Amino acid sequence: MSTVAEAAAARAAATAGPDPVTFAKALTTAMADAMRADDGVIVFGEDVAKLGGVFRITDGLMAEFGDQRCFDTPLAESGIVGMALGMAMNGMRPVVEMQFDAFAYPAFEQIASHVAKMHNRTRGRVTLPMVIRVPYAGGIGGVEHHCDSSEAYYAHTPGLKVFTPSSVADAYRLLREAIASDDPVVFMEPKKLYWSKDAVDLEALRRDFDGAEAAERAEGRAAVVRPGTDATIIAYGPAVPPALAAAEAASAEGRSVEVVDLRTIVPFDDETVCESVRKTGRVVVVAEAQGFASVASEITARVQERCFHSLAAPVRRVTGFDIPFPPPKFEHWHLPGVDRILDALDELQWED
Amino acid sequence: MTIPAEAQAAITRFGISIEDYMLPVHGQIQILAEDGTMLPEDRRGSSPGHQYPVPTDRELLEAYRRLVIGRRVNDQNSALVRQGRLAVYPSSHGQEACQVAAALALREGDWMFPTYRDSVAVMTRGVDPVEAMTLFRGDWHGGYDPHAHHVGIQSTPLTTQLLHGVGVAHAAKLRGEDTVVLAMCGDGATSEGDFHEALNFAAVFNLPVVFFVQNNQYAISVPLAHQTVAPSLAHKAVGYGMAGERVDGNDIVALLAVLDRAVTLARAGSGPLLVEANTYRMQAHTNADDATRYRNDAEVQAWAAKDPLNRMRHYLRSTGVLTDDVETAFAGDAEDIAQQLREGLGSDPTLDPQDLFRHVFTEPTPQLREQAALLADELARDELSREEH
């Protein structure tokens, strides 16, 4: 698997200097900190122990916490999630890794029929504090079944929270919050961002998390990651970097574009989204997933229902095409890029 | 591979192989004959490494009391379906010996993971009968607190609950607790992928789980021969490196003996075990099913002759343990629970429509709060227009 070699190489390069921090390192640190803070936090999945995961996100956890708290399982995703559910029922906080987006599908029955419903089925008597980590989406030249954007399946399932960070700081913050949550969280990690870096002070983030009041959590709070006045781009996960790049390019053309990063798809932050839309009056929703019946569709519908009278133009979507994720040599035509986002911005009836 | 101490002892004592220890006996373990007489030791189906002591009279009498109650619960609930008080009831009529033995094999701190047909086992474990019926009355998806009696919620997807049991056992093992989990499923469920994953996970992590398969011969209409061509379901165990055993599922004496040994071994660290009970669903799958379309009366009648209650009653009468007075007392106990069911399910439950939104998450999301308000407003307007008319 070329992605494994790439991951190893990128990670080796990334750890050469103490600063800046990679997205991957922020995730690893979040798990290690959560494991230090709570003995009930355990990490398991396929290849997560000795190897540290195919993307090395669990690297070092078995060495520090032992093979009772970070261990490999037989190769069976339904087994991993079903067993995690039982452990969560019995006092643990399991954090399980699905190796790739499309390899999580065998676990879908456990996720949709049990993980999502147990709290409701038992009138809240059984809580399931568990996290299902899913490396997802494309942009890494991965082969078929390694690049799916599967977030809509989970977001459409009542009872699941769906988090997806796009920045190094949020990778740490949101994963700590997901592990601390008493609700099950599907934690979607944009794998093309694993090697992205930012000068982030993990020590400060740790202190912030430990000291934060519930009201200061990132869960359910979208972030305005670039302020602007003329139009709003709403994005999440892997679509945030191209959205920011497009906003930068637009500013060169004299347009001030605000970028809102959802951070958590469920719970959804209508408030921040609508506040931005009411201010700018023009909206482009950007997502890497195929657009039909998608999270982008939901965002578009919500904005038009709630902010219709503030809109100067119909909301535009820039998403992946409605095709199975393409082979590596085709993916650059498929993924929403800066030009396609700028084209959509141009079509927001500026002449009216 | 690691050989459990019990297997090692059997290997040394009887000179058998690890496979002989793990493979089930030829035929099945049976202690009470169908006519209720106790079989001599050499006719109980046992073989070296598969010996089972007979439970005490006191244990047998209590088991019989539970059988009488279980049968009454099944028949009362089926009647409540006919009266429209329950939406559906998958009856375990004919399988009561399995139901009772499963619950009696466990200690207080142990866990049971039942299926939708295991209501009698759930009640025998101590769950309130009316709460157990909430799922089938339709006023919620599950009525009892799984933590109160360590009973997983009755599950309608097949076999998924086995993995939950595996997880509960794994968590307990990591904390050094001596919990045993009894994870239940039926014959059809052994074809599901989660059956394989649960057995394999339990074996690989050496977890104290007893998988208890009630082979009642049919998965709704499909007979066992269409599910598997394995020599028996118990034979599947050896492929996972665990011991399997096959027992007469209508003989509660044999069931108590086999399950007690399995639970004791699991608690002692033997790793998981599989017990297949050979039994029969005397009634249709549910009230919505028509069993005459897939099985004939002669077959049903042949199984009626193996009834677990008659057999046990005959035995206990013959030894003098079961007197007329005791029988009357047991019938009274059964009638008390039947009355509890009739009263509890005879009145309509009070439903709060806001419950729809309350438990989706630990705290409702803003969107759920909006939808809750929408429904409340809709209902308030309905109320108003009813008053106006």
Side-chain angles (χ1 to χ4, degrees), chain A residues 39-40 42 44 68-69 71-92 94 106-107 109-110 112-114 116-130 158-161 181-184 214 219-220 264 266-271 302, chain B residues 111 113 134-135 140-148 150 152-157 159-175 177 179 181 183 192-194 196-205 207 355-368 370:
Chain A
D39 286 346
I42 48 176
F44 56 95
Q68 302 287 293
R69 294 186 64 198
F71 55 86
D72 289 324
T73 65
L75 212 165
E77 294 76 16
S78 186
I80 292 168
V81 172
M83 182 169 79
L85 186 157
M87 295 176 98
M89 263 184 96
N90 196 9
M92 299 294 193
E109 185 190 13
Q110 285 289 348
S113 294
H114 297 296
K117 292 177 177 167
M118 192 63 79
H119 188 266
N120 187 61
R121 182 185 293 152
T122 60
R123 290 180 178 274
R125 286 154 176 153
V126 175
T127 54
L128 294 180
M130 58 187 281
L160 298 176
K161 288 184 171 169
S181 171
D182 283 338
D183 292 308
E219 177 186 323
T264 69
V266 182
F268 187 86
D269 184 0
D270 282 306
E271 206 180 311
R302 300 186 81 80
Chain B
W111 274 84
F113 280 83
T134 297
L135 164 68
W140 204 254
H141 311 297
Y144 55 90
D145 178 358
H147 290 293
H150 287 186
I153 211 80
Q154 284 178 274
S155 184
T156 50
T159 332
T160 46
Q161 75 281 359
L162 299 186
L163 280 164
H164 308 162
V166 167
V168 164
H170 200 160
K173 188 186 174 195
L174 288 177
R175 287 195 299 265
E177 297 161 1
T179 308
V181 173
E192 292 277 4
D194 276 2
H196 158 71
E197 297 191 21
L199 266 65
N200 194 43
F201 272 56
V204 166
F205 294 111
L207 302 176
D355 275 354
L356 291 172
F357 307 100
R358 249 174 215 133
H359 306 297
V360 181
F361 296 102
T362 49
E363 290 285 328
T365 59
Q367 289 73 27
L368 285 174
E370 275 180 27

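These numbers were taken from a predicted model, which means no experiment stands behind them. Proteins come first, then strands; the chains are lettered A, B, ... in the order of their sequence lines, and each starts at number 1.
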S.K.: Is it the backbone or the side chain of A:L160 that comes under 4.5 Å from a heavy atom of chain B, or both, or neither?
M.R.: backbone
S.K.: Heavy-atom distance under 4.5 Å to chain B: side chain of A:R69, backbone, both or neither?
M.R.: neither
S.K.: Please determine whether side-chain contact (heavy atoms from CB on, under 4.5 Å) holds for the pair B:Q367 and A:R302, giving the CA-CA distance in whole Å, both sets of side-chain angles, and the decisive distance to 0.1 Å.
M.R.: CA-CA 11 Å; B:Q367 289 73 27; A:R302 300 186 81 80; 3.1 Å; yes
S.K.: Which one wins on heavy-atom pair count under 4.5 Å against chain A: B:V166, B:D145, B:L135?
M.R.: B:D145
S.K.: Below 4.5 Å from any heavy atom of chain A, which atoms of B:V360 appear? Answer side chain, backbone, both or neither.
M.R.: both
S.K.: Examine whether an atom of A:S78 lies under 4.5 Å from a heavy atom of chain B, and if so say whether it belongs to the side chain, the backbone or both; otherwise answer neither.
M.R.: both
S.K.: Ignoring hydrogens and angles, state whether a donor on the side chain of A:H114 or B:Q161 is under 3.5 Å from an acceptor on the partner side chain.
M.R.: no
S.K.: Please find the pair of heavy atoms, one from B:P146 and one from A:M89, that lie closest to each other, and give the distance.
M.R.: CB-CE, 4.2 Å
S.K.: Taking side chain as everything from C-beta outward and backbone as N, CA, C, O, which of these in B:D194 sits under 4.5 Å from a heavy atom of chain A? Side chain, backbone, both or neither.
M.R.: side chain
S.K.: For A:R123 versus B:D355, what's the shortest heavy-atom pair and its separation?
M.R.: NH1-OD2, 2.9 Å
S.K.: Contact part of A:E271 toward chain B, heavy-atom cut-off under 4.5 Å: side chain, backbone, both or neither?
M.R.: neither
S.K.: Tell me, out of A:G159, A:P267, A:G124, who's got the most heavy-atom pairs with chain B below 4.5 Å.
M.R.: A:G159
S.K.: For a side-chain contact (heavy atoms from CB on, under 4.5 Å) check, start with the C-alpha distance between A:I42 and B:L174, then their side-chain angles and the critical distance, and finish with the verdict.
M.R.: CA-CA 10 Å; A:I42 48 176; B:L174 288 177; 4.2 Å; yes
S.K.: Indicate the atoms forming the closest heavy-atom contact of B:R175 with A:N90, along with that distance.
M.R.: NH1-O, 2.7 Å
S.K.: What pair of heavy atoms forms the shortest contact from B:H164 to A:G82, and how long is it?
M.R.: CD2-O, 3.5 Å
S.K.: Measure across A:T73 and B:F205 and return the closest heavy-atom pair with its distance rounded to 0.1 Å.
M.R.: CA-CZ, 3.9 Å
S.K.: Looking at side-chain heavy atoms only, is the closest gap between B:H147 and A:T122 below 4.5 Å?
M.R.: no
S.K.: Does any heavy atom of chain B fall under 4.5 Å from the side chain of A:Q110, the backbone, both, or neither of them?
M.R.: side chain
S.K.: Does any heavy atom of chain B fall under 4.5 Å from the side chain of A:V266, the backbone, both, or neither of them?
M.R.: side chain
S.K.: So which atom in A:P74 and which in B:N200 form the shortest heavy-atom distance, rounded to 0.1 Å?
M.R.: CB-ND2, 3.6 Å
S.K.: Is chain B contacted by the side chain of A:A84, its backbone, both, or neither, given a heavy-atom distance below 4.5 Å?
M.R.: neither
S.K.: So for A:K117, is it side chain, backbone, both, or neither that comes closer than 4.5 Å to the heavy atoms of chain B?
M.R.: neither
S.K.: Atom CD of residue position B:E177 - does it have more than 12 heavy atoms of other residues, nucleotides or ligands inside 6.0 Å?
M.R.: yes
S.K.: Under a 4.5 Å heavy-atom cut-off, does chain A meet the side chain of B:A202, its backbone, both or neither?
M.R.: neither
S.K.: My understanding is that only residues two or more places apart in sequence, or in another chain, count here; which of them pass side chain to side chain donor-acceptor pair (under 3.5 Å) with B:T362?
M.R.: A:D183
S.K.: Do B:H170 and A:M92 have side-chain heavy atoms sitting under 4.5 Å apart?
M.R.: no
S.K.: B:F113 versus chain A, heavy atoms under 4.5 Å apart: side chain, backbone, both or neither?
M.R.: side chain
S.K.: Measure the CG-CD distance between A:D270 and B:E370 for me, rounded to the nearest 0.5 Å.
M.R.: 6.0 Å
S.K.: Whether the side chain of A:H119 engages the backbone of B:H359 through a donor-acceptor N/O pair (distance < 3.5 Å, no angle test) should be reported.
M.R.: yes
S.K.: Residues two or more places apart in sequence or in another chain: which of them pass side chain to side chain donor-acceptor pair (under 3.5 Å) with A:R125?
M.R.: none
S.K.: What option among B:K173, B:H150, B:E197 has the most heavy-atom pairs under 4.5 Å with chain A?
M.R.: B:E197
S.K.: Does any heavy atom of chain B fall under 4.5 Å from the side chain of A:E219, the backbone, both, or neither of them?
M.R.: neither
